[in-house]
*Asks:* 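Below is the structure I would like to discuss, written out as structure tokens.
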Number of protein chains: 2
Amino acid sequence: MAEATRVRVLTAIEELGFVRNEAARTLRKGSGRTLGVIVEDISNPYFTDLARGVEDASNAGGYDLIWCTSDGSPEKERRRLDFLEQQGVSGVVITPVALDRDRIARLRARDVRMALVDRRMPGTGACSVNVDHVQGGRLAMRHLIELGRHDVAFVTAEPESPPVRQRRGGALRALTRAGYAPEQVLTIAEEELTAEAGQHAARRLLEFGTLPTGIFCANDLLAIGLINELTRNGVKVPQDVAVVGYDDIAPAATCVVPLTTVCQPRHELGVTATELLLAGIDNQQVTLTPELVVRESAC
Amino acid sequence: MAEATRVRVLTAIEELGFVRNEAARTLRKGSGRTLGVIVEDISNPYFTDLARGVEDASNAGGYDLIWCTSDGSPEKERRRLDFLEQQGVSGVVITPVALDRDRIARLRARDVRMALVDRRMPGTGACSVNVDHVQGGRLAMRHLIELGRHDVAFVTAEPESPPVRQRRGGALRALTRAGYAPEQVLTIAEEELTAEAGQHAARRLLEFGTLPTGIFCANDLLAIGLINELTRNGVKVPQDVAVVGYDDIAPAATCVVPLTTVCQPRHELGVTATELLLAGIDNQQVTLTPELVVRESAC
DNA sequence: CTGAAAGCGCTAACAT
DNA sequence: ATGTTAGCGCTTTCAG
């Protein structure tokens, strides 16, 4: 194309404020230059960091991103998927709540590719990116054991969810390896993975009379709520109880007692999932590795 | 329409997994049944609560919502608006960063209505929903004065943004009314309205040697970071310093020292903005009222 | 290198 | 109550 023409067109676009009609483009091409992401809980920084990774990688690949929240509800998840399907996205990154194989197949039939975070569904064609939570749980517990804190409680919620189960499994394995009986681990199960729930768990622990010497929380929000409530009640962290969290979200570092935690590569998780989506590969599985970050709550 | 036909069609839809092509619908009708929301900072619960309000009201009105973040960047704000315009949304709720009248006019010309949060732009046709921040600042400061804490510091960031200026203005006015000289208020200006910045502000205050007896923070994240850092350094809140925040985000209640703060009707703000949008009224201005929530950090 | 024309799936208007 | 048709703005294809 002649440079002169190019410039002329570009000026005209600028002058008239022309904006391409994406609806028409999507209609014509079958699917557009947008991706979608559905996360479980927008108020947990873990998920916003993840979604930011998805956004960065989408933009880098020339795609726009539509953010959605399922709030952990299967019904909402379904509605958000309907929405993204209607919008003609070409792919979805999702932390699944109740996603089934049929739905993935239906989306595939409409050329909507899927990348799952923290859940494998082999044979569906969907890619997935996982963190080695067994390893993560092991890192956390091994650290507590090394500090001599083998009298341990596990504070958790959503105990059936695979990531949480794996974290617990890894922790128990570390105990066993060190020669301790995993049965002696006190498990406090709360309703949600939130700071409020952590606070509640602390109150339950305080009611028991004797505290364990170490506590492993299934995520950072639980740990932060727990530490705050313990501190309010005069319990010193880490002197009286050492606490280890999981995720390494930003507030973990600015908490009253900066949190020792297992760092998940949250941004990278989102980036990787998106790259898998855009690469157009099927059934690809990637596993990322967590890392222990030692701060004051257990050292 | 005959009931029999209706049922027959519905079954067929179910059976074939028919999903309406929103792109075609949008193309045909000029704009679709979706709205957009652009917030400044997805990691501040204030904004997620706001956006949730927008989502709830959108869904209630039969619309779907596309969430976007500007991250406080004018450039990103522009790109997100381009995106929403391309997607054919019929309206946008936004906490503006660098939105100008031209842009609003251009969007209007394409039938994209706007509702602004915390910024008035009269004459553009855009509606706006505001919180009376002067009143909010006054509530906070009056409370500190009533506690005998008139030796006060104001911890802030983005001091030029209207909401922050108004909060400060209201606080100073309360001081003046009570017969104190507002010039004696120590102002600590940080870079961002985050917990990290609050932590930094605390360190700066500690370096001065003598602490004020009361601190008013421009938002809760600053207050939480500040309290955590003060507590770590052996300063007792509220005994040594009383702290008042602004927003009443969820973490304010679960913080080590539960935060006394000015509650903004965050969800209602989003709902109201959306209802204004959907009602199709122009130039409408609504002002909501903040409320003082007394917890332990200042009582 | 530029111009013309078909058709993506839907809705609104009109005809049966 | 049901069937038919035009056209939204774009991309792709084919002709000039």
*Asks:* State, to 0.1 Å, how close B:V131 and B:Q166 come at their nearest heavy-atom pair, and which atoms those are.
*Replies:* O-OE1, 4.5 Å
*Asks:* Please report the distance, rounded to the nearest Å, between CZ in A:R28 and C1' in D:dT12.
*Replies:*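 Rounded to the whole Å, the gap is 5 Å.
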*Asks:* How close or far is atom C1' of D:dG9 from atom CG of B:N21, stated in whole angstroms?
*Replies:* 14 Å
*Asks:* Give a yes/no on whether any side-chain N or O of B:K29 is located under 4.0 angstrom from OP1 or OP2 of C:dA12.
*Replies:*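 Looking at the OP1 and OP2 atoms of C:dA12, one of them is under 4.0 Å from a side-chain N or O of B:K29.
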*Asks:* Between B:R103 and B:D82, does any NZ, NE, NH1 or NH2 come within less than 4.0 Å of an OD or OE carboxylate oxygen?
*Replies:* yes
*Asks:* Mind checking if A:R25 touches a base, just sugar-phosphate, or nothing, with heavy atoms under 4.0 Å?
*Replies:*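 If one applies the 4.0 Å heavy-atom cut-off, A:R25 turns out to touch the sugar-phosphate alone, with no base involved.
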*Asks:* Between atom CZ in B:R110 and atom C1' in D:dC8, what is the gap in whole Å?
*Replies:* 14 Å
*Asks:* Output the rounded distance in Å from CD (B:E22) to P (C:dG9).
*Replies:* 15 Å
*Asks:* Taking atom types as modelled, is there a side-chain donor on B:S58 or B:D56 under 3.5 Å from an acceptor on the other?
*Replies:*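 No, B:D56 and B:S58 have no side-chain donor paired with an acceptor closer than 3.5 Å.
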